[in-house]
Protein chains: 2
Amino acid sequence: MDTPPVVGRRERKKAATRQAIADAALELFLERGYDRVSIRDIAEAADVSTTTLFKHFPGKEALVFDQEEDREAELIAAVRQRPAGQGIVGALREHVLASRLRVATHPLRTEFTDLVDSTPALQEYAERMWTRHTAALSAAIADDAGVSHDNIACRALARFVLDIPVLTRGLRDPRTAVEEVFDLLTHGWHLPSQRLHVHNGD
Amino acid sequence: MDTPPVVGRRERKKAATRQAIADAALELFLERGYDRVSIRDIAEAADVSTTTLFKHFPGKEALVFDQEEDREAELIAAVRQRPAGQGIVGALREHVLASRLRVATHPLRTEFTDLVDSTPALQEYAERMWTRHTAALSAAIADDAGVSHDNIACRALARFVLDIPVLTRGLRDPRTAVEEVFDLLTHGWHLPSQRLHVHNGD
DNA sequence: TAAAAAAGTGCAATTGGTCCACTAATTGTC
DNA sequence: GACAATTAGTGGACCAATTGCACTTTTTTA
């Protein structure tokens with residue numbers, strides 16, 4: 001009568017434990033701040049041993065970033081499933097703008113963002129995780145463009161696009177900044193003299 | 001009768017201690033490998049307490065990268081003191097190519113490079129240190145171009161240029177790869193259809 | 001020459017992370 | 001349904017990096 005156990009009890013329990021740990025961690029972090037919470041505190045709160053905790057997460061920072069694979073998948077999807085007639089760079093531009101907007105307007109994520117922004121260790125980790133998507137994005141671009149996976153133009157484009165969120169963090173007008181950098185990527189820094197062509201002279 | 005103490009004894013001794021620590025560390029690392037050497041080993045070899053060691057270096061990785069300020073200064077100098085008539089991007093291109101060549105051909109640095117390449121913790125640290133120069137390089141570019149320090153085009157250029165060494169690491173023909181990425185930075189990814197313009201088709 | 005400044009010491013404590021031998025639940029199999 | 005192989009979880013000892021603290025010694029400075 002029950003739904004057939006497509007996924008066994010074991011896996012379900014494992015997932016539950018993992019979730020309990022992640023939940024406990026986030027709650028404590030938000031409450032006390034990242035470095036005022038020890039691994040042992042978290043294990044305690046989730047009622048598991050520290051050994052178990054480390055079987056689910058490779059390190060303390062990883063407790064905070066639980067869903068990076070999803071972000072990577074979205075990135076790839078933005079390239080692969082873009083509307084017909086749209087270029088790769090254009091698709092990435094829209095994806096970057098959209099995700100920035102999503103984060104900025106989602107009030108629930110505010111405290112999460114604050115946590116990361118106020119903790120150097122987490123900022124670093126986030127950045128490292130993010131640029132680690134370079135290989136996957138580069139591969140997706142190469143596939144789509146019909147060139148080899150190790151094509152340098154693809155790798156560079158992937159890396160530079162992934163840099164953009166970091167590059168435009170904390171600006172008065174992030175949207176414009178993102179657009180501007182994408183324009184630069186599209187048209188290049190063609191400076192006949194020594195002058196950079198810039199839109200907002202500030 | 002002695003040379004006047006332009007720099008006092010204290011500072012000299014301090015510098016000597018620091019150097020002794022760095023030397024001991026490098027020697028041990030090259031001999032045994034990074035993670036088979038403990039901080040205590042190093043302190044012991046340099047004949048100081050671990051407390052003293054940490055007063056000179058903020059962490060274990062920092063023992064290996066002692067001269068990052070010099071690299072940053074070279075970077076800035078490459079922009080500021082470039083030959084008349086040369087553009088900023090051109091100057092950076094030559095600087096990147098030159099430093100890559102310098103490292104690649106200096107046989108003494110080979111074992112050092114091997115050490116870093118074979119130690120994930122050091123690779124990460126190196127990359128982090130390197131991209132930390134973004135702000136300084138960006139400021140230098142902005143000054144030179146006569147725009148505001150927080151100009152986004154300058155920040156983006158600085159960041160992307162600093163990405164190039166890591167982007168082109170371990171390729172069969174790094175020189176060509178570097179040139180190619182600089183070409184892309186100069187002319188942009190102008191893709192009317194979905195096609196990337198690439199020189200080497202694989 | 002007195003005293004402020006700063007380098008260095010020794011040691012205990014904290015903390016992230018690993019190791020290992022062991023229990024117990026789950027699963028696949030006959 | 002019993003049995004053996006997996007595998008999640010345990011608990012606690014253990015390691016190494018890093019910090020804090022109270023203290024000594026040297027150098028500088030007034």
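A, B, ... follow the sequence lines: proteins, then strands. Residue 1 opens every chain.
A/Thr119 contributes no side-chain N or O that, together with a main-chain N or O of A/Ala121, makes up a donor-acceptor pair within less than 3.5 Å. At least one donor-acceptor pair under 3.5 Å links the side chain of B/Trp130 to the backbone N or O of B/Leu162.
Remark: C1' of C/dA6 and CZ of B/Arg18 are 17 Å apart, rounded to the nearest angstrom. The distance from atom CD1 of A/Ile39 to atom C1' of C/dT15 is 9 Å, rounded to the nearest whole Å. With rounding to whole Å, B/Arg36 atom CZ is found 13 Å from D/dA16 atom P. The nearest whole Å value for the distance from the CZ atom in A/Arg40 to the P atom in C/dG16 is 7 Å. Distance A/Arg12 CZ to D/dT7 P: 18 Å, rounded to the nearest Å. One can place CG of B/Asp41 at 8 Å from P of D/dA16, the figure rounded to the nearest angstrom. Between B/Glu44 atom CD and C/dG10 atom C1' there is a gap of 14 Å when expressed in whole angstrom units.
Interatomic distance, A/Thr134 OG1 to A/Ile141 CD1, rounded to the nearest 0.5 Å: 9.5 Å. The CG atom of A/Asp41 lies 12.0 Å from the OG1 atom of A/Thr50; values are rounded to the nearest 0.5 Å. Here the straight-line distance linking atom CZ of B/Arg159 with atom NE2 of B/His133 works out to 12.5 Å at 0.5 Å rounding.
Within the cation-pi definition used here (under 6.0 Å to the ring centroid, within 45° of the axis), A/Arg18 qualifies as a partner of A/Phe57. For the pair A/Lys60 and A/Phe29, the NZ or CZ position fails the cation-pi test of under 6.0 Å to the six-membered ring centre and within 45 degrees of the ring normal.
If you check residues 45-65 of chain B against DNA chain C, the residues with a heavy atom closer than 4.0 Å are B/Asp47, B/Val48, B/Ser49, B/Thr51, B/Thr52, B/Lys55, B/His56, listed by number.
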Exercise. Could you run through nucleotides 24-30 of chain C and give me one letter per nucleotide, 5' to 3': B if any protein heavy atom sits under 4.0 Å from the base, S if only the sugar-phosphate is that close, - if neither?
Key: -BBS---
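With hydrogens and angles left out, the side-chain atoms of A/Thr52 and A/Ser49 include a donor and acceptor closer than 3.5 Å.
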